[in-house]
Enquirer: 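For reference, the structure I am asking about is given below.
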Amino acid sequence: MKNTMIASAIALLYSQAAFAETLNLHDVVVTANRIEQNKENTLADVTIIDREQIERSGQSTLTDILSMQSGIEIESNGGVGATANVHIRGNSSQSVVVLIDGMRVASATLGTTSFSQIQPEQIERIEIVRGPASSLYGSDAIGGVIQIFTKQGKGDLHLTASAGYGSYNTQQAAATISGATEHTRFSAGVSSLTTGGISSIKTNTGLDADRDSFRNLSFNGSISHSWAEGQDVGAQLYTSQGHYNFDGSNFPAYQDLRQESYAVSSNNKLFDQWTSHVRVGQSMDTLDSLGSFGQSYLRTTQGQFSWQNDVKLPLGTLILAYDHLEDKVNGTTDFSKSKRINNGYLASYFLEQDANTFKLSLRRDINSQFGSHNTGNIAYGYKFNEYWKASASYGTAYRAPTFNDLYWPFQDFGSFGSYQGNPNLKPETSRNQEIGVVYDQGHHRVSATAFQNKVENLIICCQGLFNDSAANVGAATIKGVSLTYEGWISSYHLRANADFQDPKNDDTDKILARRSREHGAIWLGQHWGDWELGSELLASGKRYNDADNTIKLGGYALLNLTAKYSINDDWSINARVNNLLDKQYALATTASSFNPTAPDYNTMGTNLFVSVRYSPSK
């Protein structure tokens, strides 16, 4: 895989073929510095996935779309609707901040976001920032930030709709209406997905061999009004409700999941050089489960308030912000504490001057559970000429322990021992250094980023003791290089990425669980009259399911195909074939050192989905 991907990038870079199109050099990104700026001017390792790419991917889950991006690995406990977690640059799945329209959306008990509940039909664009971002966003941004922007209103009244059917009795329908008047913008969208699914566990016997169905209904809406020049107010709402049947040790089991956020905001130009942004809202993550363990209910509520001030100076921009986050949990589990508050104070400076770009950000978080914590980031970039740019950065970040880590009540499992949370846990901390080089001449863009991330006070849920508890144990060092390429040759459009990393526990010299040493992806698209054809190749090296590296997850390579036929300017037919070669692979397993022959979590074989889309060109 390594030789093939590098050779492809070099061959394309020096090809003398005619160029069909140039790359978009003026994509605007918000997440990298909490202000709008051109992607080419950011100093972070950033990816933007726009609506066109999402539609081109066909019927994919959000994790399918993310898995094609540089630096990202996925673990999953089954098919569509199952628990799926994201690793960025070899860091834990709890070391990523997920935002939906600026609002944190996550479980404070698990420390992860339910990606299976976020439907691509609701999404306008996705921004991925790799590397430490706690100096901008506070806790959990050791690996990076993923921000999802739902569809917004703009221009004339616009209606889009789609419907499709595919393997495993998968049915999808979605519709969005949006528009804008002189002073008001609005958007509202709804999407529905149902699928018969696959068995979440790879077995042929018992109740666990049945198919595990999933259904989801999602809605998003927004409205904003400009009441004077430079002054606007707005409101946003996102909600997703799903039901997933899963395998539970030969006992019928299910999860009812609900994910939502809402907020009101005010953006005000106070002076020519000073703009204020205020947002207040709340997000919720609810999980109601029934299984062999009985029934449980958990809800996370995150009250959020942010006041950000952007001040344009004679040289550069100064950002001053205050973020308030209040986590509350309730449910059938009787946590000893059910609430914590975090106040974050941010100062960030960004400068673009001639060939130089400079960034400095400092943040102090004061948390009611573990006290105060300081993080920072400094970065510098230099543009040698029209095509070449280099950058270097150093940043610190941290991850707060979850409510499960801290306050899980004492449970006695008899001969198996006992377990409880540890309220004395410290946050994980990290120190990251990286350098990057970019070559961009409009038709081809090649980048290389080398990084080293040292994570200390690793939090583990279990120490393997008879009377067990969560603990801070040891440290990890994650070294790696990320290579990306995007370019056009004739009517062919190619994107490719490859990651080579060494995510190791410093104390044991073992590879961190469910993370590989190499992974990458290639996407190749071509226009042919009214047809648009695409192919995807996703590959990963071997991983281990456990910290002791005794349970191996084999490497894999998957081939997917997409096709779009434009009937006219408004209507199109889209088709997608996943796992064309019907590869057998696993992203996680139920096996352990106690039961090494237990089955893997299942993944989908060859499957097809066809849809019809209505999207007026005017």
Side-chain angles (χ1 to χ4, degrees), residues 22-50 70 99 102 125 127-137 141 144-145 147 149 230 267-277 306 308-321 346-363 375-397 432-451 482 484 486:
T22 59
L23 303 176
N24 189 349
L25 302 179
H26 303 291
D27 283 333
V28 174
V29 62
V30 177
T31 313
N33 286 307
R34 294 181 52 150
I35 57 173
E36 288 189 356
Q37 60 184 141
N38 288 337
K39 177 187 173 185
E40 61 179 314
N41 296 329
T42 63
L43 293 172
D45 185 4
V46 177
T47 294
I48 299 173
I49 307 171
D50 59 22
S70 173
L99 306 171
R125 61 190 271 115
E127 294 180 2
I128 303 169
V129 178
R130 301 170 190 84
S134 287
S135 62
L136 292 174
Y137 294 98
V145 179
Q147 179 154 205
F149 296 89
N267 302 296
N268 307 98
K269 192 172 184 179
L270 303 179
F271 301 102
D272 287 343
Q273 307 301 319
W274 180 9
T275 304
S276 168
H277 309 275
S306 175
Q308 178 172 318
N309 296 272
D310 305 336
V311 182
K312 294 183 179 179
L313 303 175
L315 286 175
T317 300
L318 177 66
I319 301 170
L320 300 172
L346 162 69
S348 181
Y349 176 72
F350 186 80
L351 171 68
E352 296 176 52
Q353 185 71 20
D354 300 325
N356 303 280
T357 307
F358 175 76
K359 171 190 171 183
L360 174 66
S361 57
L362 300 169
R363 181 178 172 115
T375 51
N377 185 281
I378 185 169
Y380 173 74
Y382 183 77
K383 194 165 186 178
F384 297 98
N385 54 40
E386 183 181 359
Y387 303 136
W388 288 94
K389 179 180 179 180
S391 63
S393 68
Y394 174 82
T396 59
N432 183 87
Q433 306 127 50
E434 65 183 78
I435 56 174
V437 178
V438 176
Y439 171 82
D440 193 336
Q441 47 85 283
H443 301 292
H444 298 294
R445 185 179 193 275
V446 182
S447 71
T449 304
F451 60 89
S482 294
T484 67
E486 182 176 6

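All heavy atoms count here, side chains included; hydrogens, waters and symmetry mates do not.
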Enquirer: Rounded to the nearest 0.5 Å, what separation is found between the OH atom of Tyr380 and the OG atom of Ser391?
Expert: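 Here the rounded value is 11.0 Å.
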
Enquirer: If you count the non-hydrogen atoms of other residues, nucleotides and ligands that lie under 6.0 Å from CG in Leu313, is the total more than 12?
Expert: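 Enclosed: over 12 neighbouring heavy atoms sit under 6.0 Å from CG of Leu313.
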
Enquirer: Using only atom types and a distance under 3.5 Å, with no angle test, would you say the side chain of Asn385 pairs donor to acceptor with the backbone of Trp388?
Expert: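 Here the side-chain-to-backbone pair exists.
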
Enquirer: Taking C-beta and beyond as the side chain, do Phe350 and Ile319 meet within less than 4.5 Å on heavy atoms?
Expert: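 Phe350 does not reach Ile319 side chain to side chain.
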
Enquirer: Using modelled atom types only, decide if a donor and an acceptor are shared between the side chain of Arg34 and the backbone of Leu136 within a distance under 3.5 Å.
Expert: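 Such a contact is found between Arg34 side chain and Leu136 backbone.
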
Enquirer: Going from CD1 on Ile48 to CZ on Phe149, what distance comes out if it is rounded to the nearest 0.5 angstrom?
Expert: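 It comes to 9.0 Å.
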
Enquirer: Report yes if some heavy atom in the side chain of Val311 is under 4.5 Å from a heavy atom in the side chain of Phe271; otherwise report no.
Expert: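 No, every pair of side-chain atoms sits at 4.5 Å or beyond.
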
Enquirer: Check whether any side-chain N or O of Glu127 sits under 3.5 Å from a backbone N or O of Val30 as a donor-acceptor pair, and report yes or no.
Expert: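 Checked: pair present.
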
Enquirer: Spell out, as yes or no, whether a donor-acceptor pair under 3.5 Å connects the side chain of Asp354 to the backbone of Asn356.
Expert: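 Pair absent, no side-chain N/O of Asp354 close to backbone of Asn356.
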
Enquirer: Kindly determine whether Arg363 and Ser348 satisfy side-chain hydrogen bond (donor to acceptor under 3.5 Å, both in side chains), including the steps that lead there.
Expert: CA-CA 8 Å; Arg363 181 178 172 115; Ser348 181; over 6 Å; no

Enquirer: Give the intermediate values and the outcome of salt bridge (charged side-chain N to carboxylate O under 4.0 Å, His left out) for residues Arg130 and Asp45.
Expert: CA-CA 5 Å; Arg130 301 170 190 84; Asp45 185 4; 3.3 Å; yes

Enquirer: Is the closest side-chain donor-acceptor distance between Arg445 and Thr484 under 3.5 Å?
Expert: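 No pair is found: no donor N or O on one side chain lies under 3.5 Å from an acceptor on the other.
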
Enquirer: Find the distance between NZ (Lys312) and CD1 (Ile35) and round it off to the nearest 0.5 Å.
Expert: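 Lys312 atom NZ to Ile35 atom CD1 measures 9.0 Å (nearest 0.5 Å).
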
Enquirer: Return yes if some donor-acceptor pair links the side-chain N/O of Thr275 with the main-chain N/O of Lys269 below 3.5 Å, else return no.
Expert: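 Checking the backbone N and O of Lys269 against the side chain of Thr275, no donor-acceptor pair under 3.5 Å is found.
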
